[in-house]
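Within every chain, numbering begins at 1; the chains are lettered A, B, ... in the order of the sequence lines, protein sequences first and strands thereafter. All values below come from the heavy atoms of this structure, side chains included, with hydrogens, waters and symmetry mates left out. The model shown is predicted, which means the values in this text are computed figures rather than measured ones.
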Protein chains: 2
Amino acid sequence: MRRRLTRAETKARTRALLLDAAARTFARKGFTGASVEEIAEAAGFSTGALYSNFSSKEALFLELLSDRRRDRLAAAAQALDAHGAGTGEAVAELGRLLVDVADKDIEFAALQAEFWLYAIRNPRVMDALAASVRESHQALEGLVGAAMARRGAPDGVCVEEVSTVVAALFIGLVRQRRIDPDCVSEELFGQALNWLFTGINAASDEG
Amino acid sequence: MRRRLTRAETKARTRALLLDAAARTFARKGFTGASVEEIAEAAGFSTGALYSNFSSKEALFLELLSDRRRDRLAAAAQALDAHGAGTGEAVAELGRLLVDVADKDIEFAALQAEFWLYAIRNPRVMDALAASVRESHQALEGLVGAAMARRGAPDGVCVEEVSTVVAALFIGLVRQRRIDPDCVSEELFGQALNWLFTGINAASDEG
DNA sequence: GCTTTGACATAGCGGTCACTATCTGAATAG
DNA sequence: CTATTCAGATAGTGACCGCTATGTCAAAGC
């Protein structure tokens, strides 16, 4: 049986519900296309509740910008851990991640695109986006560094650069898979990573 | 001295000016954020002129979707031709293309992101976007095929797949360069392509 | 148990938007 | 020269939106 909630608890719950509804609605309609009434209704509240928890539509949006990528990152890390990261299977698991993000979590890619466009147009929030991206890139650098070490990659190659390339590849493939799934098979991301890491080793052996 | 324009000529000119203004405005404000009055004014006309040339805001947007990528493609092909495509310099030239698209033609990336989001949300226009993308990918496949042949790549590797990877890499790097230019140097795209093509050769030598 | 507080609901205000009905004047046709 | 057509201007119209002022009722404090 459910304990009676305190005021602070219900407020926190309302906030979380509003954030979830906002993520769904912004992803489906865009920042300007989504109305605050729509968001509040999707969460089961009124606009009054929304403005009692967030100072403006933009503030709600920016809070998502800081939050959601962290959520995704945690889920991805968990999935990778569960399937033997640090082994040769990591590449296969990254392929599965591509499918997850492109096909299942259809909100994520759309939201990130919204964030990017918003930051391009409102330079004052670009720092926040850059920080959010940097956070996930640092996690990725751990994986990439491990992969390079396992494959005996040389010292001359910059882990940050390789990570940036891997992340760019991922984003580009997710986007393309939403346009034409036939062009981006589930294995293509893993395949491309194999080419990339093989090439890194081979290229440095020459120079 | 300027010849007196016929009605058809002035109308075509008005249409073109409206399309240009629409590209600028949609890129800067987004599809929902840009108003038709804003677009018409930027072109030096009234909303009446706009609705006399396009049936709706959406029709104007969709016309850009078909047009603008072709323009970009033509400019890119010209730039590549001018700097010795088909030689080893092609990779360096592709690096320059990255800088052009990311830094100078700031409209292009934003517009493409708008198109993608719009197509995601309005499945009936996804076909148009897919066709537009396929057009540029086919041009890219010519370049990629030539690069692979020059480097003596094996038969077992699918040109379409490699092209998709190259395009994805490009899009992802442009996006990241707009977030943090320091992370994506001008040479990184060319560097990544070198890794990629080197890896394609090496991987197939093994199997 | 009375008072105070504050989370959330309701209603409405000013402003903007996509789109249209109507008008004007210049290019065309005869 | 006159009549017609039509590109483009002007001036709305109804709908919607972000936000706020105000009301309500239950939890918190004493």
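One finds a salt bridge joining A:Arg121 and B:Glu114 here, because a Lys/Arg side-chain nitrogen approaches an Asp/Glu carboxylate oxygen to under 4.0 Å.
Residue contacts for A:Ala34: at a heavy-atom cut-off of 4.0 Å it reaches the sugar-phosphate backbone alone, with no base atom in range.
The distance between atom CG of A:Leu18 and atom P of C:dA9, rounded to the nearest whole Å, is 9 Å. In this structure, OH of B:Tyr51 is placed 14 Å from C1' of D:dG12, rounded to the nearest angstrom. Taking atom CZ on A:Phe31 and atom P on D:dG18, their separation rounds to 8 Å, with Å as the unit. Remark: P of D:dA7 and CD of B:Glu9 are 14 Å apart, rounded to the nearest angstrom. Note: CD (A:Glu41) to C1' (D:dC17) measures 14 Å, nearest angstrom. Taking atom CD of A:Glu38 as the reference point, atom P of D:dC16 lies 12 Å away to the nearest angstrom. Whole-Å rounding puts the B:Lys29 NZ to C:dT16 P distance at 12 Å. In this structure, CG of B:Leu60 is placed 11 Å from P of C:dA18, rounded to the nearest angstrom.
Each of A:Thr47 and A:Asn53 was matched to the nucleotide of DNA chain C holding its nearest heavy atom; the match closer to the 5' end belongs to A:Asn53. Remark on DNA chain D: of its neighbouring residues B:Arg7 and B:Arg15, the 5'-side contact belongs to B:Arg7, judged by nearest-heavy-atom nucleotide. Each of B:Lys57 and B:Ala8 was assigned the nucleotide of DNA chain C with the nearest heavy atom; the assignment lying further toward the 5' end belongs to B:Lys57.
Nearest to the side-chain atoms of B:Ser56 among the listed nucleotides C:dC19, D:dA28, D:dA9 stands C:dC19. With distances taken from any side-chain atom of B:Ala49 to the nucleotides D:dA9, D:dG18, C:dC8, the minimum falls on D:dA9. Here the side chain of A:Ser46 is nearest to one of C:dA18, D:dA9, C:dA9, namely C:dA9.
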Just do the salt bridge (charged side-chain N to carboxylate O under 4.0 Å, His left out) check on B:Arg69 and B:Glu135 with the steps written out, would you? CA-CA 9 Å; B:Arg69 184 179 280 262; B:Glu135 200 173 335; over 6 Å; no

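When the ring-ring contact (aromatic ring centres under 6.0 Å, His included) test is applied to A:Phe45, no partner is found at least two apart in sequence or on another chain.
The distance between the ring centers of A:Phe31 and A:Phe115 does not fall below 6.0 angstrom.
In terms of phosphate contacts, A:Thr14 brings a side-chain nitrogen or oxygen within less than 4.0 Å of OP1 or OP2 of C:dC8.
From B:Leu60, atom CG reaches atom CZ of B:Arg15 across 8.5 Å, with rounding to the nearest 0.5 Å.
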